[in-house]
Undergrad: 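Sending over a structure as structure tokens; questions will come in a sec.
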Amino acid sequence: MSEYEARILGIRMEVDMNIKEHLVIGDSDLPIHQVQGEWTTKNVKILPYLHCVKELCKKFTKIELKHVLSTQNEFVDALATLSSMIQHPDKNYINPIEIEVQDQHAYSFHVDDYPDGNT
């Protein structure tokens with residue numbers, strides 16, 4: 001259910017942003033195959049989520065769902081770890097994380113204290 005909830009929140013954001021084409025990449029093949037109609041579920045708790053995702057998918061002119069192995073989905077795993085550590089007083093609020101993909105590597109170095117005590 002949590003995978004469906006995350007997918008629904010993401011799709012709703014994209015709909016609000018008027019995005020017309022959508023590529024879903026996930027490492028859990030169950031919801032991907034269920035949304036594509038290749039697999040079914042009899043779980044009554046999952047059915048409303050599945051129906052909601054299918055309805056939201058109709059709002060795009062093009063949508064593609066791809067399954068990747070979890071070992072190839074390190075970026076999503078990192079985001080999931082980050083999101084599990086974020087706490088907000090309003091449990092229904094999700095602070096968006098902006099991610100910019102660059103053509104070149106970026107390097108960062110952070111120094112907490114300087115050796116001479118000056119900052």
Side-chain angles (χ1 to χ4, degrees):
M1 288 188 298
S2 62
E3 290 180 32
Y4 275 105
E5 289 173 359
R7 180 76 59 227
I8 289 167
L9 286 173
I11 293 173
R12 283 185 177 158
M13 269 188 352
E14 291 167 341
V15 169
D16 290 345
M17 295 169 57
N18 204 27
I19 293 173
K20 297 297 179 192
E21 293 185 3
H22 181 60
L23 170 62
V24 177
I25 299 174
D27 59 9
S28 179
D29 55 354
L30 182 64
I32 289 175
H33 289 291
Q34 287 174 341
V35 171
Q36 290 175 325
E38 298 167 354
W39 296 352
T40 60
T41 181
K42 294 180 183 177
N43 185 335
V44 293
K45 292 180 181 179
I46 297 292
L47 288 173
Y49 292 101
L50 178 59
H51 178 71
C52 182
V53 170
K54 285 184 175 185
E55 287 301 309
L56 287 169
C57 287
K58 292 177 183 177
K59 298 184 183 236
F60 296 93
T61 56
K62 179 182 177 185
I63 187 160
E64 186 177 351
L65 293 93
K66 287 188 176 185
H67 174 256
V68 296
L69 298 174
S70 58
T71 55
Q72 297 170 336
N73 208 10
E74 294 158 347
F75 188 66
V76 171
D77 289 341
L79 287 176
T81 301
L82 279 174
S83 68
S84 70
M85 297 187 310
I86 297 171
Q87 292 187 9
H88 194 276
D90 178 2
K91 301 247 186 248
N92 293 323
Y93 178 80
I94 295 178
N95 218 352
I97 299 173
E98 291 188 27
I99 299 166
E100 197 173 317
V101 178
Q102 300 290 324
D103 292 333
Q104 297 178 352
H105 295 288
Y107 299 95
S108 175
F109 183 72
H110 178 76
V111 177
D112 288 330
D113 293 317
Y114 290 90
D116 60 4
N118 295 326
T119 55

Undergrad: I'd like to check the side-chain contact (heavy atoms from CB on, under 4.5 Å) partners of L47; sequence neighbours left out, ordered by chain and number.
TA: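 With neighbours one apart ignored, the set is T41.
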Undergrad: Which residue pairs pass the side-chain hydrogen bond (donor to acceptor under 3.5 Å, both in side chains) test when at least one of the two sits in residues 54-66, sequence neighbours left out?
TA: E55-K58
Undergrad: Check for a donor-acceptor pair, side chain of Q34 on one end and backbone N or O of L50 on the other, with a separation under 3.5 Å.
TA: no
Undergrad: What pairs with E38 under side-chain hydrogen bond (donor to acceptor under 3.5 Å, both in side chains), at least two apart in sequence or on another chain?
TA: H33
Undergrad: Is it possible for you to say whether V15 and M17 belong to one hydrophobic cluster, with membership spreading through side-chain heavy-atom contacts below 4.5 Å?
TA: yes
Undergrad: Is there a path of hydrophobic side-chain contacts, each under 4.5 Å between heavy atoms of I/L/V/M/F/W/Y residues, joining I19 to V35?
TA: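 As far as the 4.5 Å side-chain criterion goes, I19 and V35 are connected within one cluster.
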Undergrad: Side-chain donor-acceptor contacts of residues 5-14 below 3.5 Å, not counting sequence neighbours, with atom names and distances?
TA:
{"from": "E5", "atom 1": "OE2", "to": "Y49", "atom 2": "OH", "distance (Å)": "2.7"}
{"from": "E14", "atom 1": "OE1", "to": "H22", "atom 2": "ND1", "distance (Å)": "2.6"}
{"from": "E14", "atom 1": "OE1", "to": "H22", "atom 2": "NE2", "distance (Å)": "3.4"}
{"from": "E14", "atom 1": "OE2", "to": "H22", "atom 2": "ND1", "distance (Å)": "3.1"}

Undergrad: Please determine whether side chain to side chain contact (heavy atoms under 4.5 Å, CB included) holds for the pair I32 and W39, giving the CA-CA distance in whole Å, both sets of side-chain angles, and the decisive distance to 0.1 Å.
TA: CA-CA 9 Å; I32 289 175; W39 296 352; over 6 Å; no
Undergrad: Residues in side-chain hydrogen bond (donor to acceptor under 3.5 Å, both in side chains) with N18, at least two apart?
TA: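 Checked N18 against side-chain hydrogen bond (donor to acceptor under 3.5 Å, both in side chains); matches are K20.
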Undergrad: Over all heavy atoms of both residues, which pair between Y4 and V53 is shortest? Give the atoms and the distance, please.
TA: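 Of all heavy-atom pairs spanning Y4 and V53, the closest is CD2-CG2, 3.7 Å.
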Undergrad: With sequence neighbours left out, write down each residue that passes side-chain contact (heavy atoms from CB on, under 4.5 Å) with K45, or none if nothing qualifies.
TA: M1, N43
